[in-house]
Number of protein chains: 2
Amino acid sequence: MPAYDPSAFPPFAVTVDLVVLTVRRHALCTLVVRRGEAPYQGRWALPGGFVRAEEDLGAAAARELVEETGLCAHDPAAPSPVPSNGAHLEQLATYGAPDRDPRMRVVSVAHLALAPDLPAPRAGGDANSARWAPVEELLGADALAGTAGGGGIHTGVGAGTSAGAGDGGEGPDALAFDHSRILADGVERARSKIEYSSLATAFCPPEFTVGELRRVYEAVWGVALDPRNFHRKVTGTPGFLVPAGGTTTRQGGRPAQLFRAGGATLLNPPMLRPEV
Amino acid sequence: MPAYDPSAFPPFAVTVDLVVLTVRRHALCTLVVRRGEAPYQGRWALPGGFVRAEEDLGAAAARELVEETGLCAHDPAAPSPVPSNGAHLEQLATYGAPDRDPRMRVVSVAHLALAPDLPAPRAGGDANSARWAPVEELLGADALAGTAGGGGIHTGVGAGTSAGAGDGGEGPDALAFDHSRILADGVERARSKIEYSSLATAFCPPEFTVGELRRVYEAVWGVALDPRNFHRKVTGTPGFLVPAGGTTTRQGGRPAQLFRAGGATLLNPPMLRPEV
DNA sequence: GCAATAGTGTCTATCAGACAATATGTA
DNA sequence: TACATATTGTCTGATAGACACTATTGC
């Protein structure tokens, strides 16, 4: 089989970037690393790196994830009996505007990872070069208000994906490259996907309480939910939660039942995100 | 600004592939072209091509779309008063398994296009090299049954996106490369997105009747819907449909009111897809 | 008249949203 | 005791699903 004529197509570099989300102290946070070199030297950016020559895109994202956080990616396609540990990892979208990297033509396949609250990040041991940043701080309050950008619900990355600057503003605190837009798209994906899937459990430890799960929804959506209706909804949806047996008082107050994520991945009918 | 050291990263070719969907004779159909060269010579494949050196990903997809169908892509991000003509175009997912093309490392950014029923395709004038193929014929009946594959609702392209063979079988009628999987992902995206958005109107001409819109839903979902409840739902959702003024009898029977797509893009509450 | 489609009215079961009271821990 | 959280019950409004009938065209 002859190879392509190399002059027939332009060469690209392909990278993966990671939107790693977690819930810390009632706030949705994402992992950012400080850039050590130009361009955007000293600015915060999403973690990422080059895809290797014989490496699958998902494998590259999983490798970057373990390098940055120590988290083992949990492949939702693989038949694993229980979400052992590991984070949820899925492809988000691909960003390839010609001028998104001033050095050369780079196409980045962004991935979205959801993880339980973690110890402080360790980026090569340098404590000052990686941190969990509240999403609100990076994107501005308008991003919390809901479907602000053109994103709409779900993965609706329209043709505008590669269009210009991000929603998160262009100030000196904005993320490097087009990472503000990537982050905004990832956050919107997470917000919409917890509506109709059991993905919110990916933010929780293996065993968790109904209240902890509710606080995940409240942090991701930025709203307050009625504890009674929430309890009725999640315990009444077949396959969403299965009792783990024990109780815990780690949240204070009356002991709460512990649950594990059930086998159901799709919620029907979905959780309803309050209007505004 | 120094360029990267070329030895620091492997070279990739980047392509766009198109899942162009339409509704023809009560069936969901997709555009396929016959391959003229190895590999997979003579097999049907999704249309696509290389991204040019200074070209945005969405622009490359729009260019391929107009080349293959003559359709002008309608950018949902642009503030156009009315969906003039043109098809809906959005990014779908990216496929980059190392062995997906035996000749070299190719990463393909798949896009999804939705269009009204069109005249027969014209692929360079060769009538025998392009056609509208019923999706059911390409993917098998199981794909019509609903959320068969690992896809789940929405764009939930999990980490399994780049995993091996497609759902559509490996028989001699299967599409080239991993295009069966790409098609399956695109179909699932369309099926889920018409639930909660007004995207079904992208399958209709600029002016259409409630019955025509209902037949779009029935073709895409592969189910029968109650005409009365459907009529109540779509006419009762603010901003979904606006009366165009006239009537038509092109479907036979009593004249039906004509509508245009309203400004609303998100449907709240969504259309409910019947449970199998 | 017959066939085909369009359009409307009603009943019911289900469910989301709004509300308060009690239970059981820790400080 | 004071406090914090968990857990359960009820009412009401909105709506999806099921169902039958009339309206208006072309043949």
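Atom set for the values below is all heavy atoms of this structure, side chains included, hydrogens, waters and symmetry mates excluded. Reminder, nothing fancy here: chain letters follow the sequence lines and each chain counts from 1.
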Roughly how many Å is it from [atom1] in [X] to [atom2] in [N], rounded to a whole number?
X      : N      : atom1 : atom2 : answer
B:N229 : C:dT10 : CG    : C1'   : 11 Å
B:Q257 : D:dT25 : CD    : C1'   : 15 Å
A:H26  : D:dT5  : NE2   : P     : 8 Å
B:M271 : D:dT15 : CE    : C1'   : 13 Å
B:Q251 : D:dA23 : CD    : P     : 23 Å
A:L258 : D:dA6  : CG    : C1'   : 12 Å
A:F230 : C:dG17 : CZ    : P     : 13 Å
A:N268 : C:dT14 : CG    : C1'   : 14 Å

Side chain of [X] - closest among [options]:
X      : options               : answer
A:R254 : C:dG17, C:dA6, C:dT24 : C:dT24
A:R215 : D:dA6, C:dC19, C:dG7  : D:dA6
B:P269 : D:dA16, D:dA6, D:dA18 : D:dA16
B:R228 : D:dA23, D:dC19, D:dG9 : D:dC19

Could you tell me which non-hydrogen atom of [X] sits nearest to which non-hydrogen atom of [Y], and how far apart they are?
X      : Y      : answer
B:A184 : B:L139 : CA-CD1, 3.8 Å
A:R250 : A:T209 : NH2-N, 4.4 Å
A:R191 : A:V220 : NE-O, 2.8 Å

For a quick test of reading the model: is some side-chain N or O of [X] closer than 4.0 Å to OP1 or OP2 of [N]?
X      : N      : value
B:R232 : C:dG7  : no
B:H231 : C:dA6  : no
B:K233 : D:dA16 : yes
A:R250 : D:dT5  : no

Please tell me if the side chains of A:L92 and A:V19 come closer than 4.5 Å, counting only heavy atoms from C-beta onward. yes
Ranking A:F259 and B:P270 by the position along DNA chain D of their nearest nucleotide, the one closer to 5' is A:F259
Between A:E218 and A:R273, is there a side-chain N and carboxylate O pair less than 4.0 Å apart? no
Determine whether any donor atom in the side chain of B:D226 lies under 3.5 Å from an acceptor atom in the base of D:dA16, or the reverse, and answer yes or no. no
